[in-house]
Amino acid sequence: MKLFESCGPVRADIAPPSSLPPTSEEELLNNEFNIPTLREMGYEEEPTSPFMGGETEALRRLHQYVTAQPAWVNSFAKPDTAPNSLEPSTTVLSPYLKFGCLSAAKFYHEVARINAGKVHTAPPVSLHGQLLWREFFYFQGFVTKNFDKMVGNPTCRKIPWEHDPVMLQAWQEGRTGFPFIDAIMTQLRVEGWIHHLARHAAACFLTRGDLFHHWEEGVRIFDLYLLDDDWALNNANWQWLSCSNFFYQYFRCYSPIAFGKKTDKEGLYIKKWLPQLANFPDKYIFEPWKAPLAVQQRANCIIGKDYPRPIVDHDVVSKENMEKMKHAYANQATVLNDWVDGRHGRAAANPTVATVAASATDSGNKRKRNTVALDSEEEDEDEDEDEDTNAVAIGGPRLTNKKPKL
């Protein structure tokens, strides 16, 4: 905050031009500069995101979710919003900032106008705080060499991440057997948007929490689907959630079961995004593998057939991963050498994610995938960081969520 305040006041929003140069009919009929259609850009599927793009929509959302709700704005605290509400519990404005449909300065000053003379929350949890996180990560991306990589990034902890392409694909496609995580990843693929705490849970699960996969893999997949994907924010937050940078309390781990129960005890979010589980009783909706066979039959969903069993035992692997993180933190001087030398099954010459993916012979493959129902109750080990996995709550242009085939 001191650094931000030392920069002086935020500049005023730049007003739109009062007029445009005249355009000839010939220029209007010229197709060279027309906006391409989705099919022309290589997208074959119809759009599935409910969020429309453009400045008109951005300004409408700003008015509806900010200007028209002064009490909500003044009391806004990002950690208090729900990751699994059926409708977004945040502003859904970050893709409009990302695409330039909404000026960050305009957003800032509108919040400042509402805050003026009122009791209100403050950074890092307030709406202004979300904009400051955005600027902070932009700054980090600008000044840090190789910011989007572990190797060659001077501020990134070196962790001997594992790689199992089967597990990675299961996470990406929402087939981990943990309904909360699978619902999050399904919403991401369909809408191109998930709440920031949902991003936290999914990111922790992929990295230090359960699968112990490289945060660069998560960056790549989020980049594929997120409508508000932003190079600096995406890389920064994956480093944060994997405890590779910025945040180092690796012993604080999101539970893929208990965390979602906090704000959705009935599992309505899960039932929306995983309809095959819609008939499960609330008691089993977060842990369907614990349901007796008779309950599964009544729900028309047999675990292991209609919905997968958990691919790992969270109680076991989360503790194993904490030990791995502890060892990596204590041995930073040798971890990277081990990585490069291939002592963890990694390629020796160029330890990039692409190389690692091509040499899937590491210790992650040696761990037996869990196919047995878990018996123990989940501990509530969730985190309470104030940062956002992509800064400001998001929505985005109505685009398909798959990259074009080039």
Side-chain angles (χ1 to χ4, degrees), residues 77-86 89-90 167 170-171 174-188 194-213 218 237 240-243 247 249-274 277-278 280-292 295-296 299 303 307-325 370 372-389:
K78 200 62 173 286
D80 295 338
T81 56
N84 45 7
S85 56
L86 297 185
S89 59
T90 47
M167 286 192 173
W171 176 82
R175 295 185 290 101
T176 69
F178 291 90
F180 180 51
I181 300 300
D182 293 344
I184 289 169
M185 296 305 293
T186 301
Q187 182 186 14
L188 173 62
I194 48 177
H195 186 279
H196 83 287
L197 288 177
R199 302 180 193 205
H200 285 196
C204 183
F205 186 90
L206 179 67
T207 57
R208 60 187 173 85
D210 292 81
L211 303 188
F212 213 70
H213 276 52
N237 279 288
W240 188 307
L241 267 299
S242 65
C243 285
F247 176 80
Q249 297 180 32
Y250 58 82
F251 47 84
R252 297 173 64 193
C253 179
Y254 282 102
S255 164
I257 299 168
F259 184 64
K261 289 182 179 180
K262 281 188 168 185
T263 49
D264 184 21
K265 295 185 184 301
E266 297 177 354
L268 298 179
Y269 176 80
I270 292 171
K271 293 175 182 180
K272 174 182 178 178
W273 292 108
L274 303 176
L277 298 177
F280 267 81
D282 298 350
K283 178 181 178 180
Y284 298 112
I285 190 63
F286 284 88
E287 302 169 278
W289 60 89
K290 289 187 175 181
V295 173
Q296 297 180 32
I303 302 305
Y307 180 74
R309 295 182 181 276
I311 58 175
V312 293
D313 183 331
H314 172 72
D315 284 343
V316 174
V317 297
S318 61
K319 292 176 176 60
E320 290 177 349
N321 292 345
M322 288 178 194
E323 287 300 312
K324 295 173 186 176
M325 294 293 290
N370 180 48
V372 180
L374 304 184
D375 296 321
S376 59
E377 290 293 328
E378 280 294 329
E379 296 179 4
D380 187 0
E381 299 176 304
D382 62 285
E383 302 171 344
D384 289 312
E385 302 103 326
D386 296 328
E387 86 289 351
D388 183 354
T389 306

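Since we're looking at a predicted model, the values are computed, not measured.
Contact record, F180 with A201: CE2-CB, 3.8 Å, taken as the closest heavy-atom pair. Contact detail for I270 and D264: the closest heavy-atom pair is N-OD2, 4.3 Å. When every heavy atom of R208 is checked against every heavy atom of Y250, the shortest pair comes out as NH1-O, 3.3 Å. Nearest heavy-atom pair across I257 and F286 is O-CD2, 3.7 Å. Between F178 and V312, the shortest heavy-atom distance links the atoms CZ-O, 3.5 Å. Scanning all heavy atoms of the two residues, the minimum distance from H314 to Y254 falls at CE1-O, 3.8 Å.
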With side chain to side chain contact (heavy atoms under 4.5 Å, CB included) as the test, would you mind laying out the steps for T81 and H195 before giving the verdict?
CA-CA 9 Å; T81 56; H195 186 279; 2.8 Å; yes

Pair V317, K324 - check side chain to side chain contact (heavy atoms under 4.5 Å, CB included), show working.
CA-CA 10 Å; V317 297; K324 295 173 186 176; over 6 Å; no

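Counting only distance, with no hydrogens or angles, the side chain of D182 and the backbone of G177 share a donor-acceptor pair below 3.5 Å. Between the side chain of H213 and the backbone N or O of L211, at least one donor-acceptor pair lies under 3.5 Å.
Ion pairing between K319 and D313 fails under the 4.0 Å rule for side-chain N and carboxylate O. A salt bridge does not link K283 to E266: none of the charged nitrogens lies less than 4.0 Å from a carboxylate oxygen.
Put simply, the side chain of W171 reaches to within 4.5 Å of the side chain of F205, judged on heavy atoms. Within the 4.5 Å cutoff, the side chain of F247 has heavy atoms near those of the R252 side chain. Residues F212 and M325 form a side-chain contact, since some pair of their non-hydrogen atoms from C-beta on lies under 4.5 Å apart. With a 4.5 Å cut-off on side-chain heavy atoms, P83 and T263 count as touching. Residues P281 and V295 meet the side-chain proximity criterion, which asks for heavy atoms closer than 4.5 Å.
A donor-acceptor pair shorter than 3.5 Å cannot be found between the side chains of H196 and T90.
The side chain to side chain contact (heavy atoms under 4.5 Å, CB included) with Q296 is formed by just one residue from the set W289, F280, Y307; it is F280.
A distance of 6.0 Å separates CD1 in I194 from CD1 in I184, rounded to the nearest 0.5 Å. Atoms CG and OG, on D80 and S89 in that order, are 10.0 Å from each other to the nearest 0.5 Å. Between M167 atom CE and D210 atom CG the span is 9.5 Å, to the nearest 0.5 Å. To the nearest 0.5 angstrom, Y269 atom OH is 8.0 Å from T186 atom OG1. The NZ atom of K265 sits 11.0 Å away from the CG atom of D282 when rounded to the nearest 0.5 Å. Atom SG of residue C243 and atom CZ of residue F251 lie 8.5 Å apart, to the nearest 0.5 angstrom.
More than 12 heavy atoms of other residues, nucleotides or ligands lie within 6.0 Å of NZ in K272, so this atom counts as buried by the packing criterion.
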